[in-house]
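Read through the structure below, which is laid out as structure tokens, and then see the notes.
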2 protein chains.
Amino acid sequence: MNNNKQLITTIRQFNRFYANILGLLDQHVLNTGYSLTEARIILEIGFIQPCIANQLVDKLTIDRSYMSRIITKLSNDGILSKETSTTDNRISLIHLTSKGMTLFNQLNERSDEQIMKLLHDLSQEEIAEIHNAMLLIQRKLGGDLHDTI
Amino acid sequence: MNNNKQLITTIRQFNRFYANILGLLDQHVLNTGYSLTEARIILEIGFIQPCIANQLVDKLTIDRSYMSRIITKLSNDGILSKETSTTDNRISLIHLTSKGMTLFNQLNERSDEQIMKLLHDLSQEEIAEIHNAMLLIQRKLGGDLHDTI
DNA sequence: CATTATTAGTTGACATAGTCCACAAAAAAG
DNA sequence: CTTTTTTGTGGACTATGTCAACTAATAATG
């Protein structure tokens, strides 16, 4: 852990680089009229519905009041609907409406398209290399994420 | 480019994963009393000083008016100083004060520390693997960043 | 060199995003 | 039952970022 100066420089460079990529992807997933945070919420609901607001709060680490407002907005927009749980009156079970599902599919398609564009002039072999590199990073760095930082 | 469904899922998973890492790092680079954007500006000035505001606007893609306000704030805080160019009276040459340099070094140290913590219980071999993986991703994806998205 | 176009920077007004705190209703724990 | 915790909401606020208009200085062009 001593002579890693150059390594750390590389990693910080990678971080700036990848933050840039993510930023560009974000901007383009948008154009649905919804913000990044709203899109994340819609995607998350789509994946795990039915769900409750507090689940989303924990999973996406978004403030509860903020979540409440966004859910109200999405409900008013007809993207999602809430029904009070029969077993716990505090809880609303949230799920996407058919309009919401359409949006969910759109968001997914656009995300996929962006990834494909990113890879568009690479060979299958190169893509496989990237794939492996990502799996490796995630595997190696994934374990201690919440313990060490 | 046809049966890449699983691959795209992996990449999107990696993106969420890495967005999370970057978010966590960001939060911790902070605690200097300055926001992420302010920190980015301070770091950039530190690296390329002396510089002019418009350079920073282009490099960091931040709105000019916003940049103007942040620079004014940092100037008031004694982090940076401006001197009008002798050859072009529109331009201010910005550089960090000694207080600003101290902060710059702090930000750098904290960034480095965060990276080290991220790697702390990996072997040198594993670290080298991550290093190579990041270099590969950056090399493969770096070229077409601005052309394709 | 006089006119026009560009560039650098600033300000006001506004929009968007996110946070903090206090509260009420329901449920769980004691 | 009483206390504590959980879920969700709303008010008030701060932070972050955007848009348009404007001045002053310089560069470009006929």
Side-chain angles (χ1 to χ4, degrees), chain A residues 19-20 22-24 26-27 29-45 48-77 80-95, chain B residues 19-20 22-24 26-27 29-45 48-77 80-95:
Chain A
N20 218 342
L22 294 175
L24 291 174
D26 285 352
Q27 284 168 22
V29 166
L30 308 184
N31 302 338
T32 52
Y34 288 100
S35 74
L36 174 60
T37 302
E38 289 163 339
R40 287 171 67 215
I41 292 172
I42 293 163
L43 282 169
E44 194 61 27
I45 295 171
I48 65 173
Q49 64 185 329
C51 61
I52 67 178
N54 258 25
Q55 266 181 290
L56 299 171
V57 164
D58 291 339
K59 182 92 180 220
L60 305 176
T61 49
I62 290 169
D63 181 83
R64 287 150 59 87
S65 65
Y66 193 28
M67 182 65 74
S68 173
R69 278 179 248 264
I70 291 176
I71 285 174
T72 300
K73 179 190 172 191
L74 293 177
S75 177
N76 290 337
D77 289 359
L80 58 82
S81 65
K82 302 192 286 185
E83 54 173 322
T84 305
S85 164
T86 51
T87 55
D88 185 338
N89 284 311
R90 293 169 304 180
I91 290 173
S92 287
L93 295 170
I94 298 166
H95 48 93
Chain B
N20 217 343
L22 293 174
L24 291 174
D26 284 350
Q27 283 168 22
V29 167
L30 307 184
N31 302 337
T32 52
Y34 288 99
S35 74
L36 176 60
T37 303
E38 288 163 340
R40 286 171 67 214
I41 292 173
I42 293 163
L43 282 168
E44 194 60 27
I45 296 172
I48 65 174
Q49 65 184 328
C51 62
I52 67 179
N54 259 23
Q55 266 181 290
L56 299 171
V57 163
D58 291 340
K59 181 93 178 219
L60 304 176
T61 48
I62 291 170
D63 181 84
R64 288 150 60 84
S65 65
Y66 193 27
M67 181 65 75
S68 173
R69 278 180 248 263
I70 290 175
I71 285 175
T72 300
K73 179 190 171 189
L74 293 177
S75 178
N76 290 337
D77 289 358
L80 58 82
S81 66
K82 303 191 285 184
E83 54 173 323
T84 306
S85 163
T86 52
T87 55
D88 186 339
N89 284 310
R90 293 170 303 180
I91 290 174
S92 287
L93 296 170
I94 298 165
H95 48 93

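Numbered from 1 within each chain, the chains take letters A, B, ... in sequence-line order. Remember, it's a predicted structure, so these values are computed and weren't measured experimentally.
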request  = Could you tell me whether B/S65 contacts a base, only the sugar-phosphate backbone, or nothing, with contacts defined as non-hydrogen atoms closer than 4.0 Å?
outcome  = base

inquiry  = Classify A/S92 by what it touches in the nucleic acid, base, sugar-phosphate, or nothing, heavy-atom distance under 4.0 Å.
reply    = sugar-phosphate

key: Length of the CE-C1' vector between B/M67 and D/dT16, whole Å   = 14 Å

key: Spacing between B/K82 atom NZ and C/dA8 atom P, to the nearest angstrom   = 15 Å

ask   = Please give, in whole Å, the distance from D/dT16 C1' to B/L36 CG?
value = 11 Å

Heavy atoms of other groups near B/K59 NZ, more than 12 under 6.0 Å = no

note = Closest non-hydrogen contact found for A/L56 with A/E44 is CD2-CG, 3.6 Å

Exercise: do A/S35 and A/T37 side chains pair donor with acceptor under 3.5 Å = no

inquiry  = Rounded to whole Å, please give me the gap between CD1 in A/I91 and P in C/dA25.
reply    = 18 Å

message = Considering every strand and a 4.0 Å limit on heavy-atom distances, what is the contact class for B/D63: base, sugar-phosphate, or nothing?
response = base

inquiry  = Rounded to whole Å, please give me the gap between CZ in A/R69 and C1' in C/dA17.
reply    = 11 Å

Whole-Å distance separating the CG atom of A/N89 from the C1' atom of D/dT7 = 12 Å

key: Interatomic distance, B/N54 CG vs C/dG9 C1' [rounded to whole Å]   = 8 Å

